[in-house]
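In what follows, a structure is listed as structure tokens, so that the remarks can point back to it.
It should be emphasised that the depicted structure is a prediction, and the values quoted were computed from it without experimental measurement.
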Amino acid sequence: MTNTNSPAARKGVDWAGLGWLLLFFWYFSGVTQALILFSGTTGFAGFRDAFFLSSLWLAPVLLLPRFTKGISAVIGLVLWGASLVGLSYFGIYKQEFSQSVIFVMFESNTAEAGEYFSQYFSLWLCLALLAYSVVAVLLWKRIRPVRLPVFARIPVAALLVAMNLVYPFYKQMVTQERTFAEAMEKVQQRMEPAVPWQLVVGYQQYRQQLDNMQKLLQQNASLPPLKNLKDSSGDEPRTLVLVLGESTTRQHMHLYGYNRDTTPNLDALAASGKGLTVFNNVVAPRPYTIEVMQQILTFGDEQNPDRFLTDPSLINLMKQAGYKTFWITNQQTMTKRNTMLTTFSQQTDEPVYLNNQRNQNASQYDGVVLAPFEKALRDPAQKKLIVIHLLGTHMDYRYRYPDEFAYFKDRQGVPAALSDDQVETYNFYDNAVRYNDFVVSSLMKRYAESNANGFMLYLSDHGEEVYSSGSHDRLGRNEMDPTRPMYTIPFMIWTSPSWQAAHPRDLQAVANRSYSSSHLIHTLSDLAGLSYDLYEPAKSLVNQQFASTPRWIGDPYAKNGLHEFDKLPQDQAALHQEIATSTKAPTTAQVPVKAQPDEG
């Protein structure tokens with residue numbers, strides 16, 4: 001007698017059976033992505049992409065339903081093994097596995113790897129992975145063959161492949177008008193949240209960026225040393241610190257006259273009169289991180305942008321002068337945009353990478369730099385340069401500060417023209433600025449407490465437009481449509497009492513000089529007492545021979561791409577002079593954003 005209730009006897013598609021199959025394949029990517037999503041580490045995109053990519057594995061079992069259990073077991077074992085890597089990594093670091101992790105793994109020696117294993121190996125992690133594996137087996141036991149009509153199997157399988165692999169290429173190349181290489185990069189980004197592509201794509205990207213970085217390092221290593229290098233500070237022990245901020249405009253800093261209390265700690269340090277000098281008129285040459293770093297860390301500037309390739313960098317200079325160099329970064333490591341940053345870091349003696357997130361829009365707080373900074377301060381080297389690269393107030397602003405720093409939540413002090421959504425973004429940014437104040441001031445306090453001899457210089461790479469100027473309708477940075485907040489940056493120097501005594505300077509007397517950070521290497525050289533053939537005292541902000549020149553901004557490679565910053569139109573109303581007096585929502589519709597957020 002035939003069992004009419006069996007799956008084989010049912011009419012139509014066995015949707016429940018299909019659901020169990022999809023759940024089984026999704027499980028290996030979905031658990032990690034769900035943890036990432038619900039922990040608030042990043043947004044919904046990874047969870048969504050993992051779900052769609054998991055449907056790809058339905059193709060072979062729908063084509064060959066007789067072998068469903070066997071095919072699923074083989075695929076499941078591969079997915080399970082690959083998923084343990086990402087799941088374990090998130091369990092330990094609360095970060096998503098990426099090509100940056102692979103880079104750090106290969107950069108670590110055997111001893112370091114052993115230390116990490118002994119530190120993070122725990123019973124709870126083993127039990128969690130065991131429970132995860134047991135659930136996978138239970139899901140496998142629930143799956144059953146889903147038999148489609150023979151004529152429909154191949155079209156359905158082909159549709160799954162096309163939906164997951166072919167259509168994304170078509171969308172990128174045809175509708176987005178990208179090149180094949182650009183389309184490949186975007187499709188790979190979409191595939192990364194799902195296993196095993198997480199490992200496959202991550203390793204492929206790691207190899208590609210490593211090759212690019214190695215070429216830059218080889219080129220840098222072939223550069224001749226600086227001629228006639230002299231150190232007027234002699235052999236006295238010293239520790240110099242350069243803190244590089246990110247996307248922080250001084251127009252949102254109370255320290256510079258902004259109406260909201262975004263810098264309580266730096267305000268207090270400045271008011272104490274103990275070593276902190278705040279410079280009021282410094283601008284960045286470009287509104288993008290990589291392009292700025294190619295200037296402020298080298299002899300390149302807007303008139304000679306390629307000198308980062310032909311002359312030694314700041315790191316080369318300091319190492320030639322006998323400094324032990326450190327690089328502590330909370331920026332992403334091995335991404336296409338950040339290869340140049342990683343190249344600078346690899347020039348140092350001791351690079352420390354703290355941000356291995358796959359997605360830039362992920363919770364990654366700059367407080368992580370404090371512990372390695374204290375370790376570098378304790379290093380016994382007589383002469384040290386410590387570079388700290390913060391993630392600062394980079395988009396997405398809400399991921400740049402912990403919950404306890406959500407200080408601004410209403411319309412108090414916000415331009416009245418902003419919509420509710422814009423106010424939320426505006427508050428996110430100001431909260432990020434307030435957290436950045438905590439981190440930068442904490443670095444200064446720890447430096448002071450260490451009794452180090454030297455100075456700490458902090459500046460942001462570039463500014464940010466956050467509905468701050470004109471009609472209050474722009475967000476992010478756009479070099480083709482510049483506004484002052486994109487270029488106005490904080491710039492300050494904290495000097496230890498011992499260094500000030502040995503190198504007396506009246507920094508307050510020059511705090512209002514007009515300056516471009518593209519010439520930073522000359523200011524740092526001057527402060528450190530270094531001179532050499534390429535050094536130009538006229539380009540040092542703190543030198544008596546300083547000469548004020550036009551501050552060029554823009555794309556130096558584009559025809560008519562350069563502009564004088566001081567010829568930009570003044571804001572229609574300075575932000576700190578336009579305080580909203582009403583808490584009512586505006587009646588106007590949200591103004592469309594005109595400026596484009598960038599990648600770095």
Side-chain angles (χ1 to χ4, degrees), residues 172 175-179 181-183 185-186 245-252 282-296 300-308 335-341 360-361 392-397 415 417-418 422 425-426 429 459-489 514-519 549-575 590-600:
Q172 293 296 328
T175 64
Q176 301 294 328
E177 299 181 348
R178 301 184 191 276
T179 64
E182 292 171 338
E185 182 182 352
K186 292 296 181 181
E246 169 70 61
S247 301
T248 305
T249 177
R250 66 171 180 260
Q251 294 196 18
H252 276 251
V282 180
V283 302
R286 302 194 66 179
Y288 309 121
T289 300
I290 309 304
E291 288 76 6
V292 169
M293 293 300 173
Q294 289 172 351
Q295 295 189 31
I296 68 175
D301 57 24
E302 291 290 73
Q303 284 74 43
N304 304 281
D306 289 328
R307 286 185 66 180
F308 77 95
T335 65
K336 184 177 181 180
R337 276 287 295 172
N338 283 6
T339 301
M340 178 57 71
L341 294 181
Q360 190 152 250
N361 287 342
T393 57
H394 196 291
M395 260 185 210
D396 188 328
Y397 316 130
L418 300 192
Q422 290 172 327
T425 300
Y426 195 93
Y429 185 75
L459 77 161
S460 184
D461 55 357
H462 52 74
E464 190 91 336
E465 175 65 69
V466 189
Y467 310 122
S468 304
S469 60
S471 300
H472 306 294
D473 60 350
R474 304 182 187 189
L475 176 66
R477 283 155 276 136
N478 187 343
E479 201 162 48
M480 302 302 293
D481 190 13
T483 64
R484 287 176 172 262
M486 299 178 194
Y487 296 92
T488 52
I489 58 172
S514 299
Y515 192 66
S516 169
S517 63
S518 61
H519 298 149
T549 58
R551 296 184 290 180
W552 297 103
I553 61 171
D555 184 356
Y557 301 102
K559 184 178 180 180
N560 301 321
L562 292 181
H563 311 278
E564 285 191 51
F565 171 81
D566 294 296
K567 291 185 178 180
L568 284 179
Q570 293 286 341
D571 298 338
Q572 293 178 14
L575 190 59
Q590 181 172 353
V591 181
V593 170
K594 294 182 180 178
Q596 59 185 17
D598 85 304
E599 297 177 351

Ring pair (Phe, Tyr, Trp, His ring centres under 6.0 Å) with Tyr487: which residues, sequence neighbours excluded?
-> none
I need the minimum non-hydrogen distance between [X] and [Y], along with the two atoms involved.
{"X": "Ser517", "Y": "Leu459", "answer": "CB-CD1, 3.7 Å"}
{"X": "Arg484", "Y": "Pro569", "answer": "NE-O, 3.5 Å"}
{"X": "Thr248", "Y": "Ser460", "answer": "N-OG, 3.1 Å"}
{"X": "Gln422", "Y": "Ala417", "answer": "OE1-O, 4.3 Å"}
{"X": "Ser247", "Y": "Glu464", "answer": "O-CB, 3.4 Å"}

A side-chain contact here means heavy atoms from C-beta on lying under 4.5 Å apart; do [X] and [Y] qualify?
{"X": "Met395", "Y": "Tyr429", "answer": "no"}
{"X": "His563", "Y": "Trp552", "answer": "no"}
{"X": "Leu341", "Y": "Thr289", "answer": "yes"}

[X] (side chain) donor-acceptor with [Y] (main chain) under 3.5 angstrom:
{"X": "Thr249", "Y": "Pro485", "answer": "yes"}
{"X": "Arg474", "Y": "Ser469", "answer": "no"}
{"X": "Ser471", "Y": "Asp473", "answer": "no"}
{"X": "Tyr557", "Y": "Gly561", "answer": "no"}

Say you draw a straight line from [atom1] of [X] to [atom2] of [Y]; how long is it, rounded to the nearest 0.5 Å?
{"X": "Tyr288", "Y": "Arg477", "atom1": "OH", "atom2": "CZ", "result": "7.5 Å"}
{"X": "Ser516", "Y": "Ile489", "atom1": "OG", "atom2": "CD1", "result": "8.0 Å"}
{"X": "Glu479", "Y": "Asp481", "atom1": "CD", "atom2": "CG", "result": "11.5 Å"}
{"X": "Ser518", "Y": "Arg307", "atom1": "OG", "atom2": "CZ", "result": "11.0 Å"}
{"X": "Leu568", "Y": "Met486", "atom1": "CG", "atom2": "CE", "result": "9.5 Å"}
{"X": "Asp301", "Y": "Asp306", "atom1": "CG", "atom2": "CG", "result": "11.0 Å"}

Side chain to side chain contact (heavy atoms under 4.5 Å, CB included) between Leu475 and Thr425, worked out = CA-CA 9 Å; Leu475 176 66; Thr425 300; 4.1 Å; yes
Residues in salt bridge (Lys or Arg N to Asp or Glu O under 4.0 Å) with Arg250, at least two apart?
-> none
Exactly one of Glu246, Arg286, Glu291 clears side chain to side chain donor-acceptor pair (under 3.5 Å) with His462, and that residue is Glu246
For Gln295, check side-chain hydrogen bond (donor to acceptor under 3.5 Å, both in side chains) against everything at least two apart and list the hits.
-> Glu302
Cation-pi between Arg551 and Tyr515: NZ/CZ under 6.0 Å from ring centre and within 45° of the ring axis?
-> no
side-chain hydrogen bond (donor to acceptor under 3.5 Å, both in side chains) evaluation trace for Thr483 with Glu465 = CA-CA 7 Å; Thr483 64; Glu465 175 65 69; 2.6 Å; yes
Any chance the rings of His252 and Tyr467 have centres within less than 6.0 Å?
-> no
